[in-house]
Structures are given as structure tokens and as C-alpha cells.
Participant: 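What follows is a structure written as C-alpha cells; I'll ask about it next.
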Amino acid sequence: MTELTDITGLLLSRIRDVPDHPEPGVVFKDITPLLADPVAFAALTDVLAEFAAGTGATKVVGLEARGFILGAPVALRAGLGFVPVRKAGKLPGATLGQAYDLEYGSAEIEVHAEDLSPDDRVLVVDDVLATGGTAEASVRLIRRAGARVAGLAVLMELGFLGGRTRLEPALAGAPLRSLLTV
């Protein structure tokens with residue numbers, strides 16, 4: 001496997017800064033160049049799949065929407081099941097929901113509860129850890145579904161927003177892995 005510093009450089013070189021998106025003063029971190037590069041995307045998938053194996057995870061939960069893009073290949077590479085956590089109203093049939101507060105209001109995420117069992121250890125995968133609200137809600141939702149949280153993995157952490165501080169109590173000792181901190 002490639003050294004972590006090599007992977008860090010590769011990943012950083014494939015993330016594009018988009019100034020003033022979605023509003024003036026914000027610098028959006030665009031991962032589409034990384035996804036378009038099969039070498040970088042494979043390296044990212046390999047590192048996250050190795051982390052998944054190290055946590056003893058039995059399933060990967062991907063958070064809508066970019067968590068689907070990253071989490072599904074991680075689950076496949078690690079030989080694990082994949083479970084999508086979606087915005088409320090997007091999944092058919094019976095769901096289990098978790099509401100949470102945002103800086104500008106509230107939101108709700110849902111999962112098919114039958115996709116998780118008490119025997120499952122779940123790794124949550126997403127692209128960015130910002131304020132930690134969605135990740136924290138997903139951890140609570142996984143536990144409410146009866147499963148255990150094996151950890152959380154993100155491509156990048158926006159350290160200045162304090163998401164890690166908010167999220168660590170909810171993780172209750174489960175590891176939080178961020179490949180890049182910006």
C-alpha cells in the first residue's frame with residue numbers, strides 16, 4: 001500500500017477549491033476531480049476499506065449524498081454490506097428517522113431499520129465533517145436501529161467548524177478518522 005503521506009498529497013491535489021460557492025465568502029471543496037481520477041478514487045477507497053476492516057465493521061452506512069459515492073465502494077472493497085442513510089421522505093416503506101438541528105433550521109435523516117441488526121457494527125462514511133450535525137444524527141440513528149457504531153470515516157474535516165468536538169461524545173470512544181484536515 002502507498003504511504004499515507006503519498007495518499008494525502010494525491011487526494012489534496014485532486015480537490016478543487018471553488019471560491020464564493022454556494023455564497024460569497026465560502027470556499028467550496030469540490031471532490032469531483034478526485035472521483036474522476038481512477039487512481040485517486042481507488043487509493044481513497046483502499047484506505048477507507050482498510051480502516052473499515054480495522055474497526056471490525058460488518059456494514060458501512062453512507063450519508064446522503066456524497067457518502068453514498070464514497071461508502072458504497074468502501075463496503076464492496078471491504079466485503080461489507082452498504083446501507084444508505086437518506087433525507088426524510090426518500091426511502092420507500094417503513095423507516096426509522098432522526099431529527100437534528102442545523103445552523104439555519106432543522107432536518108431529518110432516515111434508514112430502513114431492518115437493514116441494521118444488533119449484530120451489526122457500523123462504520124459511517126461521508127465526504128466532509130463540518131459542524132458534525134448530520135454525523136451525530138446518523139450515530140444516534142444507528143444506535144436507535146439496534147446496531148453498534150464501529151466508527152466514522154471522512155475524506156476531509158473542516159477543523160475550524162468544530163465538528164469533531166461536537167461528535168466525539170456521541171461516538172462514545174468509537175474512532176473518528178479524517179484523511180485530510182483543512
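Heavy atoms only: backbone and side chains are in, while hydrogens, waters and symmetry mates are out.
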Participant: Quick check on side-chain contact (heavy atoms from CB on, under 4.5 Å): which of Val149, Val125, Ile109, Val111 does Ser138 satisfy it with?
Facilitator: Ile109

Participant: Between Leu116, Val122, Leu96, which is the residue that forms a side-chain contact (heavy atoms from CB on, under 4.5 Å) with Leu141?
Facilitator: Leu96

Participant: If you measure from CG on Leu179 to OG1 on Thr8, what distance do you get to the nearest 0.5 Å?
Facilitator: 7.0 Å

Participant: Under 4.5 Å between any side-chain heavy atoms of Asp6 and Leu10, yes or no?
Facilitator: no

Participant: Which heavy atom of Leu48 sits nearest a heavy atom of Ala153, and at what distance?
Facilitator: CD2-CB, 3.8 Å

Participant: Do Val27 and Ile15 land in one hydrophobic cluster if side-chain heavy atoms of ILVMFWY residues count as linked below 4.5 Å?
Facilitator: no

Participant: What verdict does the side chain to side chain contact (heavy atoms under 4.5 Å, CB included) test give for His112 and Thr95, after you've listed the backbone C-alpha separation in whole Å, the side-chain angles of each residue and the deciding distance to 0.1 Å?
Facilitator: CA-CA 5 Å; His112 283 134; Thr95 60; 3.9 Å; yes

Participant: If you apply the rule side-chain hydrogen bond (donor to acceptor under 3.5 Å, both in side chains), what do you find for Ser117 with Asp119, and how did you get there?
Facilitator: CA-CA 5 Å; Ser117 76; Asp119 294 331; 4.5 Å; no

Participant: Could you give the distance from CD1 (Ile69) to CG (Asp127), rounded to the nearest 0.5 Å?
Facilitator: 8.0 Å

Participant: Is the closest basic N to carboxylate O distance between Glu64 and Arg86 below 4.0 Å?
Facilitator: yes

Participant: Please tabulate, for side-chain N and O atoms in residues 156-170, each donor-acceptor pair with protein atoms closer than 3.5 Å (sequence neighbours left out).
Facilitator:
from, atom 1, to, atom 2, distance (Å)
Glu157, OE1, Arg164, NE, 3.3
Glu157, OE1, Arg164, NH2, 2.8
Glu157, OE2, Arg164, NE, 3.1
Arg166, NE, Glu136, OE1, 2.8
Arg166, NH2, Glu136, OE1, 3.2

Participant: Identify the two heavy atoms, one from Arg143 and one from Ala172, that lie closest to each other, and give their separation to 0.1 Å.
Facilitator: NH2-CB, 4.0 Å

Participant: Does the pair Thr134 and Tyr100 meet the rule for a side-chain hydrogen bond (donor to acceptor under 3.5 Å, both in side chains), with working shown?
Facilitator: CA-CA 7 Å; Thr134 306; Tyr100 62 102; 3.0 Å; yes

Participant: Return the minimal non-hydrogen interatomic distance between Pro175 and Thr55, and the atom names on each side.
Facilitator: CG-CG2, 4.1 Å

Participant: Is the shortest heavy-atom distance from the side chain of Phe51 to the side chain of Val47 under 4.5 Å?
Facilitator: no

Participant: Side chains of Arg148 and Pro118: closer than 4.5 Å at any heavy-atom pair?
Facilitator: no

Participant: Of all heavy-atom pairs between His21 and Phe28, which one has the smallest distance, and what is that distance?
Facilitator: O-CB, 3.3 Å

Participant: Heavy atoms, side chains only, cut-off 4.5 Å: are Val61 and Leu63 in contact?
Facilitator: yes

Participant: Just by distance, do the side chain of Lys59 and the backbone of Asp115 share a donor-acceptor pair under 3.5 Å?
Facilitator: yes

Participant: Heavy atoms only: give me the nearest Asp101-Ser106 pair and the separation to one decimal.
Facilitator: OD1-CB, 3.9 Å

Participant: Looking at Arg140, Glu108, Arg144, which one forms a side chain to side chain donor-acceptor pair (under 3.5 Å) with Gln98?
Facilitator: Arg144

Participant: Phe68 and Pro73: which non-hydrogen atoms are nearest, and at how many Å?
Facilitator: O-CD, 4.2 Å

Participant: Is there a side-chain hydrogen bond (donor to acceptor under 3.5 Å, both in side chains) between Asp120 and Thr58? Walk through the geometry before answering.
Facilitator: CA-CA 6 Å; Asp120 284 322; Thr58 59; 2.9 Å; yes

Participant: Looking at Arg66 and Asp126, is any side-chain nitrogen of the basic one under 4.0 Å from a carboxylate oxygen of the acidic one?
Facilitator: no

Participant: With a 4.5 Å cut-off on side-chain heavy atoms, are Leu155 and Val128 touching?
Facilitator: no

Participant: I'd like to check Ile142 versus Val83 (side-chain heavy atoms, cut-off strictly below 4.5 Å). Are they in contact?
Facilitator: no

Participant: Are Leu12 and Leu70 connected in a single hydrophobic cluster, I mean Ile/Leu/Val/Met/Phe/Trp/Tyr linked by side-chain heavy atoms less than 4.5 Å apart?
Facilitator: yes

Participant: Calculate, to the nearest 0.5 Å, the distance between atoms CG and NZ belonging to Leu180 and Lys29 respectively.
Facilitator: 9.5 Å

Participant: Nearest 0.5 angstrom please: Thr45 OG1 to Leu76 CG, how far?
Facilitator: 9.5 Å

